[in-house]
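In what follows, every chain begins at residue 1, and chains take the letters A, B, ... in the order their sequences are listed.
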Amino acid sequence: MSRILITSALPYINGIKHLGNLVGSQLPADLFARFCRARGHEVMFICATDEHGTPAELAAAKTGEDVAAYCERMHRVQAELAHGFRLSFDHYGRSSSERNKRLTQHFAEKLAENGFIEEVTERQVYSRADGRFLPDRYIEGTCPNCGYDRARGDQCENCTKQLDPTDLIDPRSAISGSTELEVRETRHLYLRQSLLKDEIDAWIDSQQDWPVLTTSIAKKWLHDGDGLQDRGITRDLSWGVPVKKGDAPWPGMEGKVFYVWFDAPIEYIGATAEWADAHGLDEAAWRRWWRTDEGAADVRYVQFMGKDNVPFHTLSFPATLMGSREPWKLVDYIKSFNYLNYDGGQFSTSQGRGVFMDQALEILPADYWRWWLLSHAPENSDSEFTWENFQASVNKDLADVLGNFVSRVTKFGRARFGEAVPEGGDFGPAEEALLAALTPRLRAYEAHMEAMEIRKAAYELRAIWAEGNEYLQAAAPWAVFKTDPAGAAAIIRLSLNLIRLYAVLSQPFIPDASAAMMESLNCDDWRWPGALPDALSTLPAGHAFVVPEVLFRKITDDEREAWQARFAGLRS
RNA sequence: GGGCCUGUAGCUCAAUUGGUCAGAGCAGAGCGCUCAUAACGCUUUGGUUGGGGGUUCGAGUCCCUCCGGGCCUACCA
């Protein structure tokens with residue numbers, strides 16, 4: 001047994017996430033966490049809402065709420081949806097927590113003590129009408145290059161030219177449209193990542209078998225151009241972690257907050273501390289996960305995220321931890337994902353294109369989504385959601401292969417022997433063939449799960465389900481029963497045990513269906529299988545069971561067409 | 001512009017990382033079964049591995065080039 005720390009990239013507080021966001025971090029992290037727990041490891045699975053920054057302030061302003069109230073409300077919404085998808089976080093924290101404030105200020109103090117903070121005076125655009133400094137992309141104007149009149153201050157979307165906000169002709173605030181803009185001087189803290197470039201580079205080089213996606217992005221940032229650039233870690237906003245040097249004021253930084261990308265990853269630690277607080281535990285309880293001098297030396301730390309998050313997790317956050325010169329636990333493995341597209345295009349929050357987490361749960365149970373998303377996870381390249389594929393996969397895999405197997409076994413058993421595991425009979429060649437086929441598949445499934453090869457694991461699991469149907473066909477208890485009832489009893493006894501095995505193995509992918517299978521078997525033995533003959537004799541003769549409700553009803557063509565139309569765009 | 005990823009049967013994806021593997025699932029076709037959610041099982045039809053060139057005894061697997069798809073490029077998070 002080992003100790004495994006798992007974090008999922010933090011979903012931003014601004015609105016409900018779509019299926020692409022879900023499959024890019026939280027869902028695969030949950031799969032891995034569930035698998036590790038099932039194998040008997042001690043797991044700490046952490047996630048949180050990322051609550052600071054300009055978009056949160058603007059979203060709150062739009063609904064007329066105070067930003068703190070808005071975040072609290074949206075945190076609840078997201079936590080509820082996470083629960084709906086059965087995401088098994090040990091703690092779902094908030095980056096606005098007191099814990100995170102203190103940790104963020106602590107890291108800033110340590111970084112400053114060690115010479116990794118520099119104060120820089122820069123010039124930024126200030127909007128008098130909005131009463132705030134504007135990030136580059138919140139300034140719009142006419143592109144000096146192509147004349148496009150809605151170019152953003154960081155880049156023109158029309159001609160893709162990189163811009164500086166002061167390049168724009170007739171610049172205006174993208175928030176209010178106001179043209180009362182002026183350039184003001186403001187002072188900010190920079191994280192001197194460049195000083196840690198070689199250290200980070202060596203650390204990346206020392207990692208084994210990271211996905212190409214992860215290392216190539218990190219290497220690009222480390223070696224491109226002048227190498228790793230220093231990065232501003234403060235902003236002129238009111239909503240965020242106040243800039244302080246530990247507990248002490250930071251002269252010249254009054255009224256400023258840390259940049260969300262500085263405090264968000266620190267919330268991985270903060271949320272673990274929040275977990276301890278929520279359970280009435282002491283400091284040591286969370287520090288043993290994060291401080292290598294206090295017990296975390298033997299922890300394996302795995303992060304899950306979409307590719308857009310990779311630079312921050314391979315560079316900035318490690319720089320923060322390393323620069324503190326304190327023994328904080330660094331990540332051991334980064335599992336990164338490409339994007340999931342929606343039916344020929346991208347998911348779009350603004351256009352309401354694609355399926356969002358709340359809508360998904362309205363129309364189908366979580367297991368349907370979990371299975372499709374995980375078995376089609378965008379591991380090697382961007383992948384695409386289509387309703388045809390979704391309907392076909394889910395109906396075939398879940399309803400026909402798995403659900404129907406449970407159905408045919410329990411119904412036949414009940415009809416011939418009553419609702420108890422039947423006794424008698426001997427095993428023969430069909431059973432030997434089943435075990436011979438199942439054992440290597442089980443080991444392959446375990447290996448793929450350990451390696452976080454998600455699609456491969458899903459296909460192996462499906463093959464394991466299919467073995468049940470092949471076995472039934474070969475053993476044919478309905479035929480055997482006519483001449484040898486005891487022989488048929490043995491087949492059904494084994495098949496009922498097979499259902500239990502499937503419940504255990506499938507639980508990381510489809511937890512609700514697994515629970516339903518176990519409940520119908522009147523069983524609570526979730527032990528992961530060792531030797532199959534043992535695992536398949538867990539339910540003894542005489543053990544009561546019931547025929548469960550249909551595990552997975554099929555998606556009809558009418559439903560598919562209706563959903564296709566409903567989610568094509570313009571969310572109501 | 002620069003960098004990275006990707007293009008394998010109608011669809012979704014595999015190929016121990018140059019060596020009998022060009023494969024699986026779905027879809028299609030045929031047969032079988034009747035316990036079951038018109039479900040299941042068996043057999044089977046599909047590919048000059050995007051095009052072209054090269055290295056090699058041998059290339060989806062390496063190199064060059066062309067074509068297509070995607071991502072990143074540091075003040076959105």
*Examine Lys335(A) relative to Phe337(A) and say whether NZ or CZ is less than 6.0 Å from the centre of the six-membered ring and inside a 45° cone about the ring axis.*
yes

*asked:* Quick check on G46(B): syn or anti? Syn means the glycosidic torsion is within 90 degrees of zero.
replied: syn

*Same-atom distance (P) from A24(B) to C5(B), integer angstrom*: 30 Å

*Among C35(B), U37(B), A39(B), find the nucleotide with the atom closest to the side chain of Leu472(A).*
C35(B)

*Going by the side chain to side chain contact (heavy atoms under 4.5 Å, CB included) test, name the single residue among Leu364(A), Asp367(A), Asn404(A) that passes it with Phe552(A).*
Asp367(A)

*Euclidean distance for P, A77(B) against U61(B) (whole angstrom)*: 43 Å

*For RNA chain B, produce a single dot-bracket line, 5' to 3'. Pairs: Watson-Crick or G-U wobble, both distances under 3.5 Å. Symbols: ( ) within strand, [ ] crossing, | other strand, . unpaired.*
(((((((..((((.....[...)))).(((((.......))))).....(((((..]....))))))))))))....

_Pairwise C1' distance for C21(B) and C64(B), with rounding to whole Å_ = 28 Å

*Within the 6.0 Å centroid threshold, strictly below: Trp261(A) and Phe317(A)*: no

*Identify whether any heavy atom of Lys219(A) sits under 4.0 Å from a base atom; if not, whether one sits that close to sugar-phosphate; answer base, sugar-phosphate or nothing.*
nothing

*Syn or anti for G32(B), please, going by whether the chi angle lies within 90° of 0.*
anti

_For the P atoms, the ones on G2(B) and on C66(B), what distance do you get once it is rounded to whole angstrom?_
12 Å

_Glycosidic class, syn or anti, of U17(B) using a 90° window around 0_ = syn

_For a quick check, with a 4.0 angstrom heavy-atom cut-off, what is the B/S/- contact string for nucleotides 29-34 of chain B, read 5' to 3'?_
---BSS

_It should be established whether Lys456(A) places a side-chain nitrogen or oxygen under 4.0 Å from OP1 or OP2 of nucleotide A15(B)._
yes

Short N/O separations, protein against nucleotides 71-77 of chain B, under 3.5 angstrom:
residue	atom	partner	partner atom	Å
C71(B)	OP1	Gln346(A)	NE2	2.6
C71(B)	O4'	Lys307(A)	NZ	3.4
C72(B)	OP1	Tyr339(A)	OH	3.4
A74(B)	N6	Trp221(A)	O	3.4
A74(B)	N6	Gly227(A)	O	3.3
A74(B)	N1	Gln229(A)	N	3.3
C75(B)	OP2	Arg231(A)	NH2	3.2
C75(B)	O4'	Arg235(A)	NH2	3.4
C75(B)	O2'	Asp136(A)	N	3.1
C75(B)	O2'	Asp136(A)	OD2	3.1
C75(B)	N3	Gln124(A)	NE2	2.8
C75(B)	N4	Glu122(A)	OE1	3.3
C75(B)	N4	Glu122(A)	OE2	3.3
C76(B)	OP2	Arg137(A)	NE	2.5
C76(B)	OP2	Asp154(A)	OD2	3.4
C76(B)	O4'	Arg137(A)	NE	3.1
A77(B)	OP2	Tyr259(A)	OH	3.0
A77(B)	O3'	Asp50(A)	OD2	2.4
A77(B)	N7	Trp261(A)	NE1	3.3

*Would you indicate which nucleotide in A39(B), A14(B), C13(B) comes nearest to any side-chain atom of Ser383(A)?*
C13(B)

*Asn469(A) side chain, from C-beta outward: closest of G41(B), C11(B), C26(B)*: G41(B)

*Using ring pair (Phe, Tyr, Trp, His ring centres under 6.0 Å) as the criterion, point out the one residue from Tyr471(A), Trp465(A), Tyr502(A) that pairs with Phe405(A).*
Tyr502(A)

*Taking the six-membered ring of Phe481(A), is NZ or CZ of Arg416(A) closer than 6.0 Å to its centre and within 45° of its axis?*
yes

*If you find the nucleotide of RNA chain B closest to Phe412(A) and the one closest to Asn389(A), which residue's nucleotide is nearer the 5' end?*
Asn389(A)

